[in-house]
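Heads up: the structure comes next, in structure tokens.
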Amino acid sequence: MIKKVLFLFLIPVLTQAQRVGTNVDRIVAKVDNYYILRSEVETIIQRSKEQDQPVDKCQALESLAVQKLLVAKAEIDSVIVEPDVVENQLDARMGEMIRIYGSEKNIVEQFNKSIESLKSEVRQQVTEQLTAQQMQQTITEGMSVTPAEVKIFMDNIPKDSLPTIPTEVKVAQLVRLAKLTVAQKSELKQRLEDLKLRVEKGESFEELAKEYSEDQGSRTYGGDLGWAKRGQMVPEFEAAAMRLEPNQMSEVVESSFGFHLIQLLEIRGQEYHARHILLRPEYNRLDMTAPTQFLDSLRNFIVTDSVSFSDAVRLHSEDENTKYTGGILQDPSTGSDRMALDLSMEPNLYFTVDTMKVGTVTAPLPYRSADGKTGMRLLYLKDKYAPHQINMKDDYEKIKQFALINKQNTEIDKWFKEAIAEVYIKIDPEYQVCKLFEY
């Protein structure tokens, strides 16, 4: 059963109890010191139906038990996830909730809880999920598959069971970001100058960071970024930090992340320990006129073949993730440059690309980066692939990924056989029929 449900626990979920703002629930399983609630099982079942991959209560329970087992063993083996990784994922999760519900006010009304209370609950889920992922990666670290193994994997799939690959597209983007005005920059700098003055008058840098910093990863820890090696931080930040003496504060520093007030804590050789207060612009207030006009002009050169889209991206795009790959977007779940043309795609992207013809370029469209920056972008539909039965010629990279997952699952199954003997597992009588972890 494990192979079928192994990755279900990675689905981010909010339980029904959280949705209605109630604590009425009951424990249906215990794995070591970790509990599984009935509402968690029911939520997995509901989410699986929504994603067109329905599972029954036993599969849902086992997927959750797998997660708890991985987390329990991670604790034993001292496998940890860094706090800033958790906070970044939490921010992304809350951002997605705001996109779904429209505003924080709507979220509060929907869940009957404050944002901070809800974030506290979701933080625990995120921590467990990321810890389980980290443990799983530790188990399968360094694994790969050879071309011969890929062929054997493919040959072992019955011909009448070969899946159909849906319509896929290869899409590129060219991004121009909105720029801060002089007045907006001055406002952010002045706010940090005021905070610096408060520290100089005796207030705690740490407490002010907790209250005002917009770096969610370090904010909880008073802006503390831990030890960093040279080259680890963005150049502007590192250059300013390395000029400081211990306990000294910097002038306001601008980087691609926003504006920083930095305090150096310690330095040893090629490493330094600093904390900061970060303020970011309100990107939704930025003027889109300049990036729109720039892209309008550039699009004219592209459609008249005065410049290729990939060259225009290399010369003018401000998205560092795609600038040097011709602007090609990747499927976030697979890393492939061929994305399924379905609702798994970012909604705005899907509804745009679905109406495009191969070789065409859109007019400038609104754009928002993963870290919240806003601007405009051009989209270029480079290629479109019709639905077809999976085959080695057209889909080798996909088959290779499936073969690797299958090999990793086999290794994890072996790990589970040993791990379940080391932890305490108790199942509620209602779920005894599930026979968890039987091989």
Rounded to the nearest 0.5 Å, what separation is found between the [atom1] atom of [X] and the [atom2] atom of [Y]?
| X | Y | atom1 | atom2 | answer |
| --- | --- | --- | --- | --- |
| R377 | Y367 | CZ | OH | 7.0 Å |
| K400 | S144 | NZ | OG | 8.0 Å |
| M356 | L341 | CE | CG | 11.0 Å |
| K185 | K179 | NZ | NZ | 9.5 Å |
| T410 | M143 | OG1 | CE | 7.5 Å |
| D394 | I165 | CG | CD1 | 9.5 Å |

Practice prompt. Starting from the C-alpha separation in whole Å, work towards a yes-or-no answer on side-chain contact (heavy atoms from CB on, under 4.5 Å) for T292 and D296.
Written response: CA-CA 6 Å; T292 300; D296 264 329; 4.0 Å; yes
Would the number of heavy atoms belonging to other residues, nucleotides or ligands and lying under 6.0 Å from [atom1] of [X] be above 12?
| X | atom1 | result |
| --- | --- | --- |
| K170 | NZ | yes |
| K382 | NZ | no |
| E200 | CD | yes |
| K229 | NZ | no |
| F257 | CZ | no |

Worksheet item: Can we say E411 and K414 salt-bridge, meaning some charged N sits less than 4.0 Å from an Asp/Glu carboxylate O?
Response: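 The answer is yes: the pair qualifies as a salt bridge.
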Discussion item. I'd like to know if E318 pairs up with K373 as an ion pair, taking the criterion as any Lys NZ or Arg NE/NH1/NH2 lying under 4.0 Å from an Asp or Glu carboxylate oxygen.
Written reply: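 No, this pair does not count.
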Shortest non-hydrogen separation from [X] to [Y] and the atoms involved:
| X | Y | result |
| --- | --- | --- |
| F309 | A172 | CE2-CB, 3.7 Å |
| L329 | L349 | CD1-CD2, 4.0 Å |
| A72 | D32 | CB-CB, 3.8 Å |
| V313 | K323 | CG1-O, 3.6 Å |
| T304 | N300 | OG1-O, 2.7 Å |
| L261 | L195 | CD2-C, 4.4 Å |

Sub-4.5 Å side-chain heavy-atom contact between [X] and [Y]:
| X | Y | answer |
| --- | --- | --- |
| I390 | M154 | yes |
| E193 | V252 | yes |
| D395 | R338 | yes |
| L37 | I27 | yes |
| I302 | S308 | no |
| D194 | Q190 | yes |
| I267 | L244 | no |
| V150 | M392 | yes |

Do side-chain atoms of [X] reach the backbone of [Y] as a donor and acceptor pair under 3.5 angstrom?
| X | Y | value |
| --- | --- | --- |
| R299 | P364 | no |
| T146 | E149 | yes |
| S120 | E116 | no |
| S255 | E236 | no |
| S250 | I262 | yes |
| T360 | K357 | yes |
| S317 | V175 | yes |
| R123 | V86 | no |

Discussion item. Quick test of your reading: applying side chain to side chain donor-acceptor pair (under 3.5 Å), list the pairs with at least one residue in residues 237-246, sequence neighbours left out, ordered by first then second residue.
Written reply: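 The answer is none; no pair qualifies.
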Fill in: Pair E128, Q124: side-chain N/O donor-acceptor within cut-off below 3.5 Å
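Yes - a donor-acceptor pair under 3.5 Å links their side chains.
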Worksheet item: Is it the case that D287 and T289 place a side-chain donor and acceptor less than 3.5 Å from each other?
Response: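 The answer is yes; a qualifying pair exists.
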Worksheet item: Do R191 and Y212 meet the cation-pi criteria used here (NZ or CZ under 6.0 Å from the six-membered ring centre, within 45° of the axis)?
Response: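 Cation-pi check for R191 and Y212: fails.
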Discussion item. Taking the cut-offs as 6.0 angstrom to the six-membered ring centre and 45 degrees off its axis, would you call R176 and F294 a cation-pi pair?
Written reply: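 Yes, cation above the ring, under 6.0 Å and within 45°.
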Worksheet item: Is there a side-chain contact (heavy atoms from CB on, under 4.5 Å) between T167 and K384 once you walk through the steps?
Response: CA-CA 7 Å; T167 300; K384 192 171 187 177; 3.8 Å; yes
Discussion item. Could you walk me through whether S213 and D215 satisfy the side-chain hydrogen bond (donor to acceptor under 3.5 Å, both in side chains) test, starting with their C-alpha distance in whole Å, then the side-chain angles of each, then the deciding distance to 0.1 Å, before giving a yes or no?
Written reply: CA-CA 6 Å; S213 182; D215 176 7; 5.5 Å; no
Practice prompt. Decide side-chain contact (heavy atoms from CB on, under 4.5 Å) for I44 and E40; before the verdict, give the C-alpha distance in whole Å, the side-chain angles of both, and the deciding distance to 0.1 Å.
Written response: CA-CA 6 Å; I44 287 283; E40 292 180 291; 5.7 Å; no
Practice prompt. Return the orientation label for the H260 and H276 ring planes: parallel under 30°, perpendicular over 60°, tilted otherwise.
Written response: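 Answer is parallel, since the angle falls under 30°.
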Practice prompt. Begin with the C-alpha distance, continue with both residues' side-chain angles, and end with the deciding distance and a verdict on side-chain contact (heavy atoms from CB on, under 4.5 Å) for W415 and T140.
Written response: CA-CA 10 Å; W415 178 87; T140 60; over 6 Å; no
